[in-house]
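Here is the structure we will look at.
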Amino acid sequence: MAWLILLAAGLCEIGWAVGLKYTDGYTRLWPTVATVATMALSVFLLGLALKTLPLGTAYAVWTGIGAVGVAILGIVLFNESVDALRIGSIALIVVGIVGLKAGA
């Protein structure tokens with residue numbers, strides 16, 4: 001169950017990071033409110049997952065989910081560059097996440 005909570009926390013991590021783009025420097029009220037709420041939920045869920053999971057593993061997986069998700073959504077939503085180095089780097093993060101989970 002802790003891994004599912006951590007996954008949800010990671011998805012919230014993606015949500016708030018992408019949400020920051022839509023706040024327009026915190027000048028748009030509702031995107032800002034949603035982003036701050038998602039930040040709080042992400043950290044709250046991470047805290048729940050840490051009751052069971054090792055800190056180093058959980059934190060690395062949480063940030064890894066966020067990094068991969070935001071990189072992919074940056075490509076899809078904001079037309080960020082897609083090149084072999086970027087895709088390879090995303091793949092390396094995924095391999096690291098899988099390795100950390102397998103070792104936990």
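Because the structure is a prediction, the values reported are computed rather than measured.
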Among the clusters formed by ILVMFWY side chains lying less than 4.5 Å apart, do [X] and [Y] turn up in the same one?
X     : Y     : answer
Leu20 : Leu11 : no
Leu46 : Leu55 : yes
Val94 : Leu85 : no
Leu7  : Ile5  : no
Val43 : Val33 : no

Item to check | Stepwise side chain to side chain contact (heavy atoms under 4.5 Å, CB included) test for Leu41 and Trp16 | outcome: CA-CA 10 Å; Leu41 181 58; Trp16 74 255; over 6 Å; no
Taking the side chain as every heavy atom from C-beta outward, state whether [X] and [Y] have any pair of such atoms under 4.5 Å apart.
X     : Y     : result
Leu77 : Lys21 : no
Leu45 : Leu6  : no
Val18 : Phe78 : yes

Spacing of [atom1] belonging to [X] relative to [atom2] belonging to [Y], to within rounding of 0.5 Å:
X     : Y     : atom1 : atom2 : value
Thr35 : Tyr26 : OG1   : OH    : 7.5 Å
Glu80 : Ile72 : CD    : CD1   : 11.5 Å
Arg28 : Thr23 : CZ    : OG1   : 8.5 Å

Checklist outcome for this item: Here the pair of heavy atoms bringing Cys12 nearest to Thr38 is O-CG2, 3.2 Å
Checklist entry - Thr52 and Ala2: which non-hydrogen atoms are nearest, and at how many Å? => result CB-CB, 3.9 Å
Side chains of residues 62-71: which donor-acceptor pairs under 3.5 Å do they make with residues two or more places apart or in other chains?
| unit_1 | atom_1 | unit_2 | atom_2 | d |
| --- | --- | --- | --- | --- |
| Trp62 | NE1 | Ala9 | O | 3.3 |
| Trp62 | NE1 | Ser42 | OG | 3.0 |
| Thr63 | OG1 | Tyr59 | O | 3.1 |
| Thr63 | OG1 | Ala60 | O | 3.1 |

